[in-house]
Amino acid sequence: MNTLLNTLATRLGFHNQQPPFSFHGGLPLNPNKRALGESIVEPPLPPYLIIPLINYAKQSLTPTVAVGDSVRRGQLLAAGVVAPTSGKIKAIKPHATIHPDTLAVNAIVLHCDGEDKRGNPSASDNPQELGGASDNLSRLIKLRSSGKQSQMQQLVDQFALSGLGGAGFPTAEKLLGNTTPVKTLIINAAECEPEISCDEALIQSDAIDIVKGIDAAVQLSQCDQCIVAIEDSKPAAIENLQSALKDKPTAAQLMIIPTRYPTGAESPLIECVTGKYIPHNQKPTDHGVVCINIATALALWHALDNAPLDSRVLSLGGQSMPNPCNVRVRFGTTVNFILHSTGNNSVVNDHRIRAGGPLSGFDLQNLSVPITAHTNCILAEPRVEITDAQACIRCGQCADVCPARLLPQQLHWHAMADDLNGCKQFQLDACIECGCCDLVCPSSIKLTETFRYAKSQARFRDTLELKAVAAEQRFTEREHRLEQRALARKRAIEERKKTIQSSSEPDREEIKAALARARAKRQPKQSR
Amino acid sequence: MTRIILDKQAVTAPTRNTSNIMLLVLAALVPGIAVYSYVISPIVVINALVAMFSAVVFELLAVKLRGARGWPAVQDGSITVAAVLLALAVPPGLPFWQLLVGVFIMVMLGKQVYGGLGNNPFNPAMVGYAALMISFPQNMTLWFAPGELHSAGFVSLIEAKLGMGQTDIGSNKVWDGVTAATPLEQVRVWRLQSLDDNGNSTALSLAFSASGWLWINLAFLLGGLFLLYKKVIQWHIPVAVVTSFTLLTLLLGQSQIPLYQLVFSGALILGAFFIATDPVTAAASNRGRLIFGSGVGALTFTIREFGGYPEGIAFAILLMNLCVPLIDYLDRRPD
Amino acid sequence: MSFVIPFLLVVFALIATGALLARLSRTNTSTDKNNTSAMIEQVNAVLPQTQCAQCGYPGCRPYASAIIEQNEQINRCPPGGDKTITDLSNLLGTPVIPLNNECGVVKPPLVAIIDESVCIGCTLCIQACPVDAIVGASKLMHTVIQNECTGCELCLPPCPVDCIELLTPQQTAADWQWPRPA
Ligand code: SF4
Ligand code: SF4
Ligand code: SF4
């Protein structure tokens, strides 16, 4: 009876009142985890790696190494970027990246020497370097509590820890850089997008180290509670985590949440775990919530153990992938190499190869692009025709499934009219681009793509506006300066004139006097 | 080569396209139509078919005139649903040519002038209905008591509707017993004649129970519940319509007729579940839907109770359609 | 009593419609035209701030003042193109007119770059740049701060060795935009 009532309630749109809370919208998608196999495949090291010099905020980075340098694995190449293996830097030049338009960005081409030697060649200058994981952890905690920000930052920089979820936000900043105390630390093991199973594979193989990482994150963030959220569709992973958590006493608790796309996204997950909906213009940290990916927790542990983040597990999947599996690859390995070394090269010619999940990813046009920290899967899909969009019938299904509680039908209207102010009123920035609205739209309208378009337009317009404001300010300042200068010059000239005039008065008197004296002297002569 | 960003094909999601939705709505109307034709007359099926067919023809024409490809526009099935709703809303004895006028206005002025599906601010079926109500007020109040049409005979009815034969529907010559036959119309006539409602209420109540309108409306309710179950519509609008209507009737209603009879007579159920829920012209968010539905219920009550028309839901829906942009503007986020 | 409710409902419907219409018609007409300096401010905000002087005024703000105070035409700004003209016409309630070709032609955004090996350090370009986007010192190599350059081309004529070139800016990852869906 109870379950019946519950089902009825959820069908009618009422929400759960105790944890795990239900979040607004979302869809039950078939997880389709083809890649999940017995173990994680370890392909050989590629002959070269390509490391794009760009950070999560898409700002370009300045390399700290030069062409011709030999580097070791783990050596810093630029802020937050380390060499994934040892070798020689062959070039620093623009290279195509994983990007919808295959945009080229400045990248380091590293020829691997195959020895995979670790450590900084200049490590001897810095004997501190060689502490163990727990030493490093306690050192960090001490630095944090004594407020030695810069030293802490220095240490953290060497971890090269960027989030392994979707966005690649620097994790250390999340854990250490909070002004408000962290109440809840959420470890995100909800991998909700179909086809992606890299985290699940990692939990199945490395649960013990993961729990160590979680414990480290708990200690670093000094949180009140830590919740590891995992979806109920991953029984094996749940079991592994449970036993690992039992073995290591830590503050973390496991919360099993329903499988519903997009729980893995930050705001739905927070809503699901804490019951709090965080409005898009506020940060989770303002509410004392920090969310990190479970693979990132493992990477944190390895980084503390002097193995900075330089590789990740990614899923090879999709309908047409002949040999789906999870692989562990170094950052900078090209998609082509990964497909070849896992026996999947047959698909490269007559299929679409995608980077990222079916909903968050996109088709690749060029396969010699390097994977980065946030490439979580590569899919091979058959070529298909796109169905034409029909008119919106305002059925409202998109609004019902939107986890950001938006009205996609209204947003679409404004976005297609390029009415960015209208989009803003309907809170386009809150859209997490999850694609739920697209999936349910009976008229096959490309809602998410429209929102991505409008969002990037708005972002671009904002930068242009900022630039215009800056230009105008510089112009006014310059005008002002030139005016001041002209004024000053005028004043100086007048001043000089005045001094000449005023100072010439006494001169004249003197001259007169002198003349008079001269005449007076002369007159007697003349008279003589 | 087509580049795909969001790969819908690769995801197995519970999805549905517009034509499916329209088919479901048509399916949900079937029990109502069946009971209707059993109780009143099978002529309603003919009406629905005529309306559907002519609507498709007009739609094709209009889309061609607008310079677009015709079939895709018709295939979504929205005009078919609207046509059936119109055919159900008008009295069964309405002459065919007048029905065609209604359909024409529905397609052209209700939908296509705004740019077709999705762009019309008013419910097309109700636009057609309102136009008919204003143009042919006499015929539009021409309802029959159950059994009356059966006794008249199907063929002569069709003849009358075609304007052939000796009979003329409008002047009440075909059938003896033609009076205003729906309970609502009865109420209105008594009101106009300043007769005491109360004195007649028992008689009316009996007439209602006999009339079979209860069964017709229950069948529509069944269809509506099916749509709710299938999640084609949300509960907000129908519940709001019925609730606000009920509350106002309880608070301010002057008639002695039992409440359930008021709810289950006329087109309130059909309107609440099938017409007001037309997504194109209703509010977008759930809260907006509640406001929209309450407005429809309140206006229906007002028109029925104080207005000059026996049934007010059509105008109520049109008036609330007018308010939808405002409701949507004020409520920019669902829930 | 009986007419109170319909009356209220009608009033409600009227207010609702009225509010909507008011909302729809309240686009940019609420400007106070008497307030000249505020108007100049608004016009200036619409101009692209390239400060290229192609309009015949030394910069965007002077042009804005001229539009308001001397009734100057709104079609003299080539960098703004059609968009600026439309925006200005919306703002001022004047008709949209085509760009005055005597002022210049619409070009894609550009940035200046100095061939540093040729530069003789004469500082003439620094003096010409309206937004102080060039750094350098007498007899030393000069360079353009790409981010600050508005592409106004004012530094080209004074350069005695013609070492300044205008290029289309490199597409950066941060500026990249998703294509408009078909
Ligand atoms: S799901 Fe599609 S058709 Fe329905 S309201 Fe949203 S955009 Fe319109
Ligand atoms: S893509 Fe954006 S608008 Fe669509 S459902 Fe997701 S968050 Fe909502
Ligand atoms: S022409 Fe140049 S200076 Fe004049 S308004 Fe336009 S950008 Fe500004």
Side-chain angles (χ1 to χ4, degrees), chain A residues 11-13 24-25 27-30 32 100 193-195 261 318-319 352 354 357-363 365 379 381-388 390-397 399-400 402 405-407 409-410 425-427 430 435-436 438-444 446-449 452, chain B residues 1-22 24 68-69 72-73 75-78 81 114-120 228-229 231-237 239 277-286 288-289 324-325 328-329 331-335:
Chain A
R11 250 196 127 82
L12 289 178
H24 182 273
L27 282 170
L29 298 184
N30 182 349
N32 248 345
E193 195 167 345
E195 305 281 3
Y261 181 80
Q319 236 169 299
R352 293 181 296 124
R354 295 171 60 79
L359 299 168
S360 61
F362 44 82
D363 284 5
Q365 292 158 299
L379 305 177
E381 298 285 352
R383 300 221 165 122
V384 285
E385 282 306 307
I386 311 176
T387 43
D388 274 349
Q390 290 163 295
C392 166
I393 58 168
R394 287 171 43 99
C395 64
Q397 296 195 40
D400 292 340
C402 174
R405 308 173 187 222
L406 301 176
L407 295 172
Q409 72 275 51
Q410 311 280 65
Q425 282 193 335
F426 283 93
Q427 307 183 355
C436 287
D438 254 63
L439 288 178
V440 295
C441 177
S443 293
S444 327
K446 290 181 189 161
L447 294 161
T448 316
E449 275 172 55
R452 286 187 181 147
Chain B
M1 179 183 143
T2 42
R3 274 169 62 210
I4 291 178
I5 309 286
L6 193 118
D7 199 351
K8 291 188 207 188
Q9 279 86 354
V11 177
T12 357
T15 49
R16 202 184 262 157
N17 63 29
T18 305
S19 334
N20 293 154
I21 292 182
M22 297 301 168
L24 279 173
R69 279 192 304 146
Q75 265 168 357
D76 62 41
S78 60
V81 169
Y114 299 105
L117 179 65
N119 299 317
N120 47 314
L228 267 181
Y229 174 74
K231 287 198 158 186
V232 173
I233 60 175
Q234 279 76 24
W235 59 269
H236 307 78
I237 290 177
V239 166
T277 50
D278 165 31
V280 177
T281 53
S285 62
N286 286 342
R289 288 182 186 128
V324 161
D328 280 351
Y329 176 77
D331 190 26
R332 267 158 286 178
R333 303 187 88 179
D335 309 323

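Here is the naming used below: chain letters follow the sequence lines, and residue numbers restart at 1 for every chain. None of these values were measured; they are calculated from a predicted model.
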If I measure from the heavy atoms of chain A, does [X] come under 4.5 Å with its side chain, its backbone, both, or neither?
| X | answer |
| --- | --- |
| B:N119 | side chain |
| B:I21 | side chain |
| B:V324 | side chain |

Which answer fits [X], side chain, backbone, both or neither, if we ask what part of it has an atom under 4.5 Å from a heavy atom of chain B?
| X | result |
| --- | --- |
| A:T448 | side chain |
| A:P194 | side chain |
| A:C392 | backbone |
| A:Q365 | side chain |

Rounded at 0.5 Å granularity, tell me how far CZ in A:R394 sits from CG in B:N120.
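One finds 9.5 Å between CZ of A:R394 and CG of B:N120.
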Inter-residue atom distance A:K446.NZ - B:L6.CG, 0.5 Å rounding
10.0 Å
Most heavy-atom pairs under 4.5 angstrom with chain A, which of B:T281, B:T277, B:V280?
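Maximum pair count with chain A is reached by B:V280.
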Measure the shortest side-chain to side-chain distance between [X] and [Y] over non-hydrogen atoms and say whether it is less than 4.5 angstrom.
| X | Y | answer |
| --- | --- | --- |
| B:K8 | A:D438 | yes |
| A:Q409 | B:D328 | no |
| A:E195 | B:D7 | no |
| A:E381 | B:I4 | no |

Side chain to side chain donor-acceptor pair (under 3.5 Å) with B:S78: which residues, sequence neighbours excluded?
B:D76, B:K111
Whether B:K231 and A:D400 form a salt bridge (side-chain N of Lys/Arg under 4.0 Å from carboxylate O of Asp/Glu) is what I want to check.
no
Specify the closest pair of heavy atoms between B:P279 and A:C395, including all atoms of both residues, with the distance to one decimal.
CB-CA, 3.2 Å
Ignoring hydrogens and angles, tell me if any N or O in the side chain of A:R354 forms a donor-acceptor pair with the backbone of B:I5 under 3.5 Å.
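It does hold such a pair.
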